[in-house]
Amino acid sequence: MRRAAEAEIWSYDGHSTPREEVSVSPSRTDPQVLASAGAILTVDLAALRSNYLWLAGRAAPARCAAVVKADAYGLGASVAAPAFYEAGCRAFFVAHLSEGLDLRPMLPDDATIHILNGLQPGAEPACAAAGLVPVLNGFEQVEAWARIGRQDGLRLPAVLQIDSGMSRLGLSPEEVESLATRPDLIEAIDVRLVMSHLACADEPDHPANAAQWQNFERLRALVPHAPLSLANSGGVLLDARFRYDLARPGIALYGVSPTPGVGEGLMPVLRLDARVIQVRQVAAGTAVGYGATFHAPYPMRVATIAVGYADGWPRHLSNRGAAFFDGTRLPIVGRVSMDSITLDVTPLPEGTLQLGSLVELIGPHQTLDDVAAQCGTIPYEILTGLGGRYARVYLHAGDRPVGS
Ligand SMILES: *Cc1c(COP(=O)(O)O)cnc(C)c1O
């Protein structure tokens, strides 16, 4: 039953793992479903693989993991993780045990799945039984994991996380120091990785980066010798000393550069198109949408599209965001509703948009970065918020890339 202990877990030396073919062919969405869908989220699997390879190249000679928490940042872990596996990835990180349990059957046995948030008391047996590797974030978690292993005479694999200055997760410097005095405890666990997380990696000049690196250097020397990991996406793009043995990028895999102006090798991986469900002519002075916050200043044509804040399109973009059609900007007029948005389509010749036409919300004319900037947030939040109601299309190698 317990698969965790001796046999499995990735090794850091094998760049030449056999290229077992894994199926990443979720059936393309049924054409009828697509034709009637209110909106279509297209995910480019070739771009996901290409971004992984680009990051792995930047991280080398460190190995490169894939962070697929929050359903691969909203894009679908069941398809994204196998795509990364195909590109050579063998180490995966999710946040919750439940995410790890869901992901486990979707990846071959030589893929290791780590649980970033650690384990709740009592969750250890389920984690061990599934062969998942917890990130131990505190002294009590170390004790509990050692105890569970001892019960079965096993040294169970785990990651030790050290807090190097973010004060979020990981053993505090004091806990690391007390752990150093407890060889009984530390020897009861098979420490596969020692990691920490950077708070300011997206700001290359921030002094916190060097400070965290120094803390990590000091504290990791107090724990057993194991491969080390510090860099998220931003960290991969910092200087080489941050890379250590394993990089843990998330957002950059999904085509978003963590650091503005860097990451020119990353490809966009998604596009979002919304269906026009009504077009109407309104007279000057007509109110549009909830709260009557917009009045047509002149006779206008208004199109309603089938995406709203329930789909993760921020209500904050009421009267300020836009959609695009063939490169023409169509401003959002009125409030973003739960299930729909109203657009000023007067710039388009009459009849261009019809019932069933698709307009671009994310794509070549409007990136995730653009949308996030208009909302005063980060692309992570927009991406992970994209809802569950979209019809999803997965592009495979040979399909026209999503960014074109
Ligand atoms: C989310 C997360 C990552 C990935 O971060 P990105 O900024 O998306 O690259 C890496 N490590 C930890 C601990 C995380 O929580």
Side-chain angles (χ1 to χ4, degrees), residues 48 51-52 54-56 58-59 62-75 77 80-81 84 89 91-97 99-100 103 112-119 132-138 141 158-171 192-204 206 208-209 212-213 215-216 219-220 227-238 242-260 262-263 265-266 268-270 368-369 372 377-386:
L48 286 174
N51 290 342
Y52 175 80
W54 188 82
L55 284 157
R58 291 291 294 246
R63 287 172 59 93
C64 190
V67 178
V68 294
K69 60 192 178 187
D71 202 20
Y73 290 46
L75 294 181
F84 298 136
C89 184
F92 296 82
F93 288 84
V94 293
H96 292 264
L97 176 59
E99 293 180 308
L103 187 58
T112 304
I113 301 170
H114 308 81
I115 314 297
L116 286 168
N117 278 4
L119 297 176
L132 303 171
V133 178
V135 175
L136 305 176
N137 287 317
Q141 291 183 22
V159 178
L160 269 190
Q161 174 152 228
I162 293 173
D163 175 24
S164 58
M166 189 173 176
S167 312
R168 186 181 70 168
L169 287 172
L171 280 85
R192 295 293 175 100
L193 187 72
V194 174
M195 66 172 265
S196 190
H197 191 48
L198 295 167
C200 304
D202 54 345
E203 296 175 61
H206 201 295
N209 293 322
Q212 284 199 265
W213 181 84
N215 286 338
F216 188 55
L219 294 168
R220 60 102 161 179
L228 302 169
S229 177
L230 183 58
N232 61 346
S233 300
V236 174
L237 303 174
L238 295 176
F242 289 92
R243 290 176 206 153
Y244 289 104
D245 302 302
L246 182 74
R248 307 183 313 268
I251 194 76
L253 293 170
Y254 309 104
V256 176
S257 173
T259 315
V262 196
L266 297 172
V269 305
L270 82 153
L368 274 169
D369 279 299
T377 186
I378 52 174
Y380 296 71
E381 194 182 13
I382 303 297
L383 185 58
T384 56
L386 295 177

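Here the structure is a predicted model, which means the values were calculated and not measured. Just so you know, ligand 1 is whichever comes first in the structure, and atom 1 is the first atom listed for that ligand.
Of all heavy-atom pairs between Phe242 and Ala231, the closest is O-CB, 3.5 Å. In terms of heavy atoms, Asn209 sits closest to Glu203 at ND2-O, 3.0 Å.
For atom 7 (O) of ligand 1, the closest heavy atom belonging to the protein is Tyr380 OH, 2.6 Å. Among all non-hydrogen protein atoms, the one lying nearest atom 5 (O) of ligand 1 is Asn232 CB, 3.5 Å. In this structure, atom 10 (C) of ligand 1 lies nearest to the protein heavy atom Arg248 O, 3.3 Å.
Each of the following atoms of ligand 1 lies closer than 4.0 Å to a heavy atom of Arg168: 15 (O). Atoms of ligand 1 lying under 4.0 Å from any heavy atom of Tyr73, numbered from 1 in the order shown and given with element: 1 (C), 4 (C), 5 (O), 6 (P), 8 (O). Interface of Ile251 with ligand 1, defined as ligand atoms under 4.0 Å from a residue heavy atom, comprises 6 (P), 8 (O), 9 (O). Listed by number with element, the atoms of ligand 1 under 4.0 angstrom from any heavy atom of Met195 are 13 (C). Near Val67, meaning under 4.0 Å from any of its heavy atoms, are these atoms of ligand 1: 3 (C), 4 (C), 10 (C). Of all the atoms in ligand 1, the ones that sit under 4.0 Å from a non-hydrogen atom of Pro249 are 9 (O). Counting the atoms of ligand 1 from 1 in the order shown, those under 4.0 Å from a heavy atom of Lys69 are 1 (C), 2 (C), 3 (C), 14 (C), 15 (O).
Side chain of Glu99 to backbone of Ala70: a donor-acceptor contact under 3.5 angstrom is found. Remark: the backbone N or O of Leu253 is not paired with any side-chain donor or acceptor of Tyr73 at under 3.5 angstrom. Formation of a donor-acceptor pair under 3.5 Å by the Arg243 side chain with backbone atoms of Leu238 is found in this model.
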Practice prompt. Please lay out, stage by stage, how Ile251 and Ile378 fare under the test side chain to side chain contact (heavy atoms under 4.5 Å, CB included).
Written response: CA-CA 11 Å; Ile251 194 76; Ile378 52 174; over 6 Å; no
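For the pair Gly250 and ligand 1, the shortest N or O to N or O distance falls below 3.5 Å.
By heavy-atom distance, the residue among Met166, His197, Gln161 lying nearest atom 12 (C) of ligand 1 is His197.
With a 4.0 Å cut-off on non-hydrogen atoms, Asp202 does not touch ligand 1 at all. Heavy atoms of Ser233 found under 4.0 angstrom from ligand 1 belong to the backbone as well as the side chain.
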Would you tabulate the side-chain donor-acceptor contacts of residues 161-168 under 3.5 Å, counting partners in other chains and residues two or more places apart, or write 'none'?
| unit_1 | atom_1 | unit_2 | atom_2 | d |
| --- | --- | --- | --- | --- |
| Gln161 | NE2 | Asn137 | OD1 | 2.8 |
| Asp163 | OD1 | Gly165 | N | 3.0 |
| Asp163 | OD1 | Met166 | N | 2.9 |
| Asp163 | OD1 | Ser167 | N | 3.0 |
| Asp163 | OD2 | Ser167 | N | 3.3 |
| Ser164 | OG | Ser196 | OG | 2.6 |
| Ser164 | OG | Gln212 | NE2 | 2.9 |

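Using cut-offs of 30° and 60° for the angle between ring planes, the His114 and Phe93 rings count as parallel.
For the side chain to side chain donor-acceptor pair (under 3.5 Å) condition, the pairs that include at least one residue of residues 247-258, sequence neighbours left out, are His197-Arg248, Ser229-Arg248.
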